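This structure is a prediction, so every number in the text was calculated from the model and none was measured. Throughout, a chain's letter reflects where its sequence line sits, starting with A, and its residues are numbered from 1.
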Amino acid sequence: MPRLSLIALPLALLLAACNPMNSASLNGEGGANGTSQSQELASYGAQPAVMPGGLTASAGGFDGPVQPGSQRDLQRFASDRVLFDTDSVRINQQGYALLTQVAQWMRANPQVRLLIEGHADERGTREYNFALGDQRASAVQQTLMSMGIPATRLSTVSYGKERPEVAISQPGAWSANRRAVLLVM
Amino acid sequence: MFHMSNILNACCTYVLRSARNGVRGLLVALGSLVALGSLVALAALVALGGGPALAQQSIASKEVELTITGTGARQVPVAVVDFVGKTSQEQDMGMEIARIVRSNLSRAGLLRTIDPKMHPQDPRAALLNIQYPQWQLAGSDNVITGRIKVSQYGRLNVEFFLTDTVRRNQLMALSFSTMANNWRRVGHVISDEVMKRLTGEDGAFDTRIVYVAESGPKTRRTKQLAIMDQDGGNHRILTGNDLLVTTPRFSPASQEITYVALQGSTWRVFIYNLETGQQEVISDFQGTPTAPRFSPKGDRMVLSISLNGNTDLYEVDLTTRRRTRLTNSQGIDTAASYSPTGRRLVFESDRGGSQQLYVKSLGTGEVRRISRGQGSYATPVWSPTGEWIAFTKRQGEDFHIGIMRPDGSDERLLTSGFVAESPTWAPNGRLLAYYKQEPTAQGDSVQTALYSVDLFTYQERLVITPNDASDPAWSPRLR
């Protein structure tokens, strides 16, 4: 029976969470996943997490030049999240427009690969929400593929309801949590 | 090691009453017997002494079922006297074991324990010679006494006696021997024996619950696998914070737990062996695996795999690791659970539009929808007795935990909450545990806690855990 090797990612997440401003320095030391995750948290941390609606993609308190092909570059050029209606996996008009920009950005940055996270709000069962998150991530993947981005540059993961972006239990927060997040790998 | 021996036989006739109107009751006329359960447990515990099969048969053959109607049903009163010991260590352990038995039995619904302050005799006197009229006056139809001894090698010997003060009979006299650090388990085994003897019902005291221990803010929750006795004792965290653990389930046949955990950005199905402490990844599937559950014999596993936006059920042979696809429908098929025979599966699917429950025969492949009510249905779990399917239901603003018959009839909702999900059956098929989550009013905190409900009394109880808790899974009987 193979024993598991431990991965240092959650520690990096915790540290990033404690001090979002310092997470940039952690990024250089982490693996590919650690890097993108920490950046994602950093952008959450830059927002007051109780206000739904104001959370779409902001580079927050980062200063300095934006690296082409980086997460911040994606956030600045387009957005790194697509929102969904309740219990829906359909890419709406706004989402489609956004993904058109993302596809354009990916063509301009051919080295970039994206991990697409699918998320659900807390108003469903855990198992169902895993499947729903997968459907959302897949819908984004399929849409980008239909725009000419090869499948090899796009992978998906579902977080179900395990990683809400906004904690509070109210409809505004739920709509912010029904999302797909695009992470530069 | 644990053994149990028959000290003496007893004769009695006993009338049992269920605690709830209209629920079934039993009139049991017993011949000469002491019901003996063999203790084959955890690490191959060996049963010595009288033949359990024989004793149980003699109960079954003389059982007469009757239905109790009206409001006359009552709880059987029982006094649990502190167990007697010579040294202060023995005294303390004796009091603790009695406290565990008292606490177990008073939570059981069918029994009522007598406050020790009302006991008419002190423990030593009661052990030597029970004054029947005095206990009768105290309202105690049954008295449990015991004595304990810890050997110089750290072995614990416990004798316990169950006495019927109405008929002035000793109903049970059993002795146990085990390592002293196993003393809590002695309390649970005694509780199960007394429950069975006084009510005819199987207890679920000598069992454990695994669950997900949660901590940290809601947006960055830490989730670890934890285990405890059903009463919260012997609590242990089993996994580190490198894994985000969800949906653990016990094997009905072995000391193994399966769960899905996020490692890095990949979800994997694990099996945790409680005897060796080893974790094993079951497979690195293409796609995201979720909702694993063991077959009744523990030789197979059903799980869901999400791939390209489609979630279907698969069965994995745990010996060969061969994977078979069970469903192939558009949309979401997930949260499958085997019937006790392993021949059927109940699962949730949105193939008809909304989430509903379906039963699939593994022999014929036939699939039938069973849920009929309003709302959507999820996470069905077949009871160990086969009589019920527990489920999570979403209707209106709330989540509900309910049960229905395997054909979908007789639906009953047992409890509700902002979030209430993940029902799990105790091995006796009478108790359900689940978790509830409170809405987050402000900030980034979240409260989750385990509860259990008794299907006879409909009493809901908070299961105390050191941390926030979710996704409970009840163990099979330990012996």
Atom pair [atom1]/[atom2] of [X] and [Y] - distance to nearest 0.5 Å:
| X | Y | atom1 | atom2 | answer |
| --- | --- | --- | --- | --- |
| B:Ser470 | A:Arg126 | OG | CZ | 4.5 Å |
| B:Ile332 | A:Asp134 | CD1 | CG | 8.5 Å |
| A:Asn177 | B:Thr219 | CG | OG1 | 9.5 Å |
| B:Thr334 | A:Leu132 | OG1 | CG | 11.5 Å |
| A:Tyr128 | B:Thr290 | OH | OG1 | 13.0 Å |

So does [Y] get a backbone contact from the side chain of [X], meaning a donor-acceptor N/O pair under 3.5 Å?
| X | Y | answer |
| --- | --- | --- |
| A:Arg163 | B:Arg221 | yes |
| A:Arg123 | B:Arg394 | no |
| B:Trp267 | A:Phe130 | no |

Proximal to chain A - members of residues 433-440 of chain B, heavy-atom separation under 4.5 Å: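 Checking residues 433-440 of chain B against chain A gives B:Tyr435, B:Gln437, B:Pro439, B:Thr440.
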Using the test salt bridge (charged side-chain N to carboxylate O under 4.0 Å, His left out), find all partners of B:Arg249 that sit at least two apart in sequence or belong to another chain. A:Glu127
Can you name the side chain to side chain donor-acceptor pair (under 3.5 Å) partners of B:Trp474, sequence neighbours left out?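 Expected list: B:Thr207.
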Of the backbone (N, CA, C, O) and the side chain (C-beta and beyond), which part of A:Thr125 lies under 4.5 Å from a heavy atom of chain B, both, or neither?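 Contact with chain B involves both backbone and side-chain atoms of A:Thr125.
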For chain B, which residues of residues 85-111 of chain A have at least one non-hydrogen atom nearer than 4.5 Å to it?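 Residues of residues 85-111 of chain A touching chain B at under 4.5 Å: none.
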Charged N-O contact under 4.0 Å between B:Glu421 and A:Lys161: yes
